[in-house]
Amino acid sequence: MSITVRPIDKSEWPAFVAVDYEAFSATYPLEIADRWLDVLEIDRLLSAFDGDLMVGCAGTLSLEMTVPGGPIPVAGVTSVGVLPSHRRRGVLTALMTRQLHGLHEDGREAVAALYASQAGIYGRFGYGRAADTLSFRIPTHGSAFTRSAPADPALRLRVADPADTLAGLRRVYDAVRPGRPGLYGRSEAYWRTEILPDTEHDRGGMGPLRCLVAEDATGARGYALFRAKADWDEHGVPDGEVRLLELMASDPAAYALVWRGVLDRDLCAVVHAARRPVDDPIMHLLAEPRQLNAAWFDDLWIRLVDVDRALAARAYAAPADLVLEIQDEVCPWNAGRRRLVTDKASCEPTGAPADLTLPVDVLGAAYLGGRPLRAAADAGLVREHRPGALRELSAAMAWDPAPWGCRVF
């Protein structure tokens, strides 16, 4: 079998969708895929072919993502799949290698990011687990706040139609995004095609998309997007469910008020909140934090496509002057020694002796500031040649708040 990988043209879009549908055992109505054309760029879609048969797919979104210090262009890797008939035959390796080499040649983005359908797949292509997320299952009867919860009498909570409130939602999201590594820009098309759709498939057995907005005389300061489903148990006791899809606020009082509105919804016994940040303030607001019933998952995975440019593009929390020996088998232009000087925001090749040796996936995992390097060293993934170098690099790359992508792309 000889596999070729190339960009597709628009006439091949239906075949691309069919491969993605089969690879993910998807259940979405096929016509829904056409709305993706509002946010995808056809010329950034790759497909793998066995002869003239399309057997694999991979896409790239042109994102602007916050990293420590501010936003940079990031390649959002999406729709990566291989037909079941062609698994374990090198198709995925061919796709991922071609995509990374193409990003390097194109030069638009020095960093790539993705959400992994399976956590064990992408480490071998140099992606590191850079962010985590929490999922909460909060019983409403145990959701009382502490007495110190912030409040602002100027705020009011309003039930709103999500589509009609887009300007307010964008105002809040755009206020939050610059301060949180991992959040990425959303065009109006992205909001309308990925965040606000409300078909029966999007509902997934729940009710329609609902919205709460916390606002004052100046406009929106917080919002929640959620779905609810009414239910009663065998004794007639209300047993409804709320699924929180997104909650953002630009200040603590608005944040507390929106959460309160979600938790106090009548006839609902539990709130499921998936993909929340690992430093979510709700952990400090609940009087009994054990009622969060939290579960931990991986969130964003980061790949440094061009190490020199990527490390020079972000800010650092502490000064560091180090020589790093980078190991990178997939992108050989990254391999070798680099001198990182954080005060000068420079990372350049050098012949000086290495202070640390580490693989590119470990560096990617630390890139957004949420992954200390000590654990990787204790796992045998990082070698320290100069005492203190590991602590120096880890302290420099650390960042507060923790990284979080919020929504899968």
Side-chain angles (χ1 to χ4, degrees), residues 65-68 113-120 122 127-146 148-150 172-173 176-177 179-184 194-195 204 206 212 222-228 241-252 254-265 268-302 364-372 375-376 398-409:
M65 182 177 287
T66 301
V67 303
L114 59 75
Y115 283 92
S117 57
Q118 292 179 277
Y122 293 99
Y127 284 85
R129 179 175 171 172
D132 295 316
T133 187
L134 294 177
S135 177
F136 302 137
R137 184 184 181 279
I138 308 172
T140 55
H141 67 76
S143 67
F145 279 0
T146 63
S148 59
V172 174
Y173 182 83
V176 173
R177 181 170 70 92
R180 175 73 72 168
L183 291 181
Y184 52 92
E194 298 297 316
I195 307 299
M206 298 292 289
L212 288 174
Y223 69 84
L225 294 171
F226 63 96
R227 301 184 187 277
E241 175 188 352
V242 172
R243 288 187 189 172
L244 181 63
L245 304 176
E246 186 165 305
L247 189 152
M248 297 278 181
S250 57
D251 63 90
Y255 174 89
L257 182 61
V258 175
W259 259 113
R260 200 64 267 156
V262 171
L263 293 167
D264 288 346
R265 191 165 183 87
C268 291
V270 65
V271 173
H272 292 277
R275 295 197 172 278
R276 298 300 302 167
V278 296
D279 55 358
D280 198 321
I282 191 65
M283 293 184 282
H284 302 283
L285 289 179
L286 281 194
E288 177 45 85
R290 293 180 184 177
Q291 295 287 356
L292 288 167
N293 297 296
W296 193 284
F297 301 94
D298 59 290
D299 192 60
L300 279 168
W301 292 68
I302 294 293
Y367 187 73
L368 294 181
R371 190 75 65 200
W399 203 258
D400 189 12
W404 175 51
C406 182
R407 289 288 189 111
V408 175
F409 49 76

- Message: Run the ring pair (Phe, Tyr, Trp, His ring centres under 6.0 Å) test against Y173 and tell me which residues pass, sequence neighbours left out.
- Response: W191
Please enumerate all residues that pass side-chain contact (heavy atoms from CB on, under 4.5 Å) together with [X], with sequence neighbours excluded.
| X | value |
| --- | --- |
| T133 | R275, F297, D299, W404 |
| R407 | Y184, R186, I195, L225, L245, E246 |
| E241 | M206, R243, V270, H272 |
| V176 | V172, L183, M248 |

Could you list the residues that satisfy salt bridge (charged side-chain N to carboxylate O under 4.0 Å, His left out) with [X], not counting sequence neighbours?
| X | result |
| --- | --- |
| D400 | none |
| D279 | R180 |
| D280 | R276 |

- For the residue pair P401 and P181, establish whether any side-chain heavy-atom pair is separated by less than 4.5 Å.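 Yes, their side chains come closer than 4.5 Å.
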My understanding is that only residues two or more places apart in sequence, or in another chain, count here; which of them pass side chain to side chain donor-acceptor pair (under 3.5 Å) with [X]?
| X | value |
| --- | --- |
| T146 | S148 |
| W301 | D298 |
| S143 | R260 |

- Message: Between L247 and Y255, does the side-chain contact (heavy atoms from CB on, under 4.5 Å) criterion hold? Intermediate values first, please.
- Response: CA-CA 8 Å; L247 189 152; Y255 174 89; 3.8 Å; yes
- Item | Partner of Y115 under ring-ring contact (aromatic ring centres under 6.0 Å, His included), chosen from F409, Y127, Y122 | F409
- Message: Quick test of your reading: applying salt bridge (charged side-chain N to carboxylate O under 4.0 Å, His left out), list the pairs with at least one residue in residues 283-292, sequence neighbours left out, ordered by first then second residue.
- Response: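 The answer is none; no pair qualifies.
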